[in-house]
Amino acid sequence: MATTLHTAADADTGRDYTPADRLLMQVGKGLKWWLRGPLAGTRSDAAPPARYPAERVAEAPLDDRERRHAAGLMRVNHAGEVAAQALYHGQALVARDGAVREHLLRAASEERNHLQWCDARLRELGEQPSALSPLWYAGSFVIGAAAGLVGDRASLGFVEETERQVVEHLNEHLGKLPRQDRRSRAIVEAMRVDEARHGEEAAEAGASAVPAPVKAIMAGVSQVMKFGAYRL
């Protein structure tokens, strides 16, 4: 994703940031996202915009129940992308190796595209992101930092397992979305490809295996977020 770690912003200023500095910078990113919306980002870590997967897909008629169900699922996906940003930022904050940090920040930047896609689809469906988004961000940031403190290989293992669970979750959503809602399905399918790749890249970078009890806890936390984000 050196004990003294640099980002592009560090290179621009020539400054070595302390852990406290980096913590405040990452919290600031989260607050910027919440205050200005998911399109906010800094020039130093923003990924090139990706084409909206639903751009060329015709909108299909949905009855009110189908629309609300599709919106609930996309709200869960949006919340998951908020959490992904926070996890990667928390892990990058405490990463010991510069290459691992860059891996994490690059993945976080790519995840921002997913956040934008989910936000756009929610608005097309006449809905809003989860009102609990600040909670998802704060809790996930702490979890990411805790995982990163165990060590870089453990942090990469956490990424690999997280992405494996996310791919399973997206597969589940493809089975639950209304069949005619091809716009939402196109977004979820594109996200699934990227998430699988992130997991593979973490494994190739030296990820260590995540203990079974930790996997179970991760799955439990994910279920709580799904339940809350679908409704709120």
Side-chain angles (χ1 to χ4, degrees), residues 1 26 29-30 33 38 45 47 73-97 99-118 130 132-133 135-174 187-230:
M1 270 159 238
Q26 298 298 353
K29 286 182 182 179
W33 173 83
D45 67 355
L73 295 176
M74 294 308 294
R75 187 159 45 245
V76 170
N77 292 330
H78 185 279
E81 297 304 327
V82 172
Q85 292 283 301
L87 284 170
Y88 283 128
H89 288 162
Q91 289 173 276
L93 172 70
V94 298
R96 294 164 176 80
D97 184 89
V100 172
R101 161 169 284 150
E102 290 306 315
H103 173 94
L104 291 163
L105 291 177
R106 183 170 60 253
S109 183
E110 291 176 358
E111 297 280 3
R112 189 175 295 120
N113 284 323
H114 300 176
L115 191 67
Q116 295 171 359
W117 299 345
C118 291
S130 172
L132 301 176
S133 290
L135 176 62
W136 308 140
Y137 187 92
S140 298
F141 187 93
V142 171
I143 292 171
L149 286 171
V150 178
D152 286 346
R153 293 186 66 230
S155 184
L156 289 169
F158 189 81
V159 170
E160 182 183 16
E161 176 59 23
T162 297
E163 299 294 17
R164 185 192 68 78
Q165 293 189 15
V166 169
V167 169
E168 288 183 354
H169 146 79
L170 294 174
N171 285 334
E172 177 185 333
H173 275 200
L174 286 171
I187 294 167
V188 172
E189 287 168 355
M191 289 168 58
R192 181 176 60 175
V193 171
D194 288 346
E195 305 295 5
R197 176 172 52 81
H198 290 163
E200 292 168 359
E201 289 173 348
E204 293 169 359
S208 61
V210 174
V214 176
K215 292 182 181 181
I217 292 172
M218 292 168 66
V221 171
S222 176
Q223 289 300 321
V224 170
M225 188 180 71
K226 289 180 187 178
F227 180 85
Y230 184 88

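- Counting heavy atoms from C-beta outward, Leu156 and Arg153 have side chains that stay 4.5 Å or more apart.
- Side-chain contact annotation: Glu161 with Gln165, donor-acceptor N/O pair under 3.5 Å present.
- Looking only at distances, a side-chain donor or acceptor of Gln85 sits under 3.5 Å from a matching main-chain atom of Ala108.
- Interatomic distance, Ser208 OG to Asp152 CG, rounded to the nearest 0.5 Å: 10.0 Å.
- The CG atom of Leu73 sits 11.0 Å away from atom CG of Leu170, with the distance rounded to the nearest 0.5 Å.
- Using a 4.5 Å cut-off on side-chain heavy atoms (C-beta onward), Phe141 and Leu93 make contact.
- Atom OH of Tyr230 sits about 8.0 Å away from atom CZ of Arg75, to the nearest 0.5 Å.
- The distance from the CD atom of Glu110 to the CG atom of Leu105 is 11.5 Å, given to the nearest 0.5 Å.
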* To do: Any chance you could lay out the side chain to side chain donor-acceptor pair (under 3.5 Å) test for Glu111 and His114, step after step, and finish with the verdict?
  => CA-CA 5 Å; Glu111 297 280 3; His114 300 176; 3.1 Å; yes

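- Under the 3.5 Å distance criterion, the side-chain polar atoms of Ser155 are left unmatched by any main-chain donor or acceptor of Gly151.
- Expressed to the nearest 0.5 Å, how far SG of Cys118 lies from CD of Glu81 amounts to 5.5 Å.
- Glu172 and His169 are not linked by any side-chain donor-acceptor pair at a separation below 3.5 angstrom, with hydrogens and angles left out of the test.
- Proximity of Asn77 to Trp117: side-chain heavy atoms (C-beta onward) are nowhere separated by under 4.5 Å.
- Proximity of Leu87 to Phe158: side-chain heavy atoms (C-beta onward) are separated by under 4.5 Å at one or more points.
- Taken from CZ in Arg101 to NE2 in His103, the straight-line distance is 14.0 Å, to the nearest 0.5 Å.
- Across every non-hydrogen atom of Trp136 and Gly228, the tightest pair is CZ2-C, 4.2 Å.
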* Going through the checks in order, is the side chain to side chain contact (heavy atoms under 4.5 Å, CB included) test met by Met225 and Ser130? -> CA-CA 10 Å; Met225 188 180 71; Ser130 172; over 6 Å; no

* Run the side chain to side chain contact (heavy atoms under 4.5 Å, CB included) check on Val76 and Phe227 step by step: do they pass? -> CA-CA 8 Å; Val76 170; Phe227 180 85; over 6 Å; no

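- The side-chain heavy atoms of Val166 and Met191, taken from C-beta on, include no pair separated by under 4.5 Å.
- Taking the charged nitrogens against the carboxylate oxygens, Glu160 and Arg164 have no contact shorter than 4.0 Å, which rules out a salt bridge.
- A salt bridge between Glu195 and Arg192 is absent, with no side-chain N of the basic residue lying under 4.0 Å from a carboxylate O of the acidic one.
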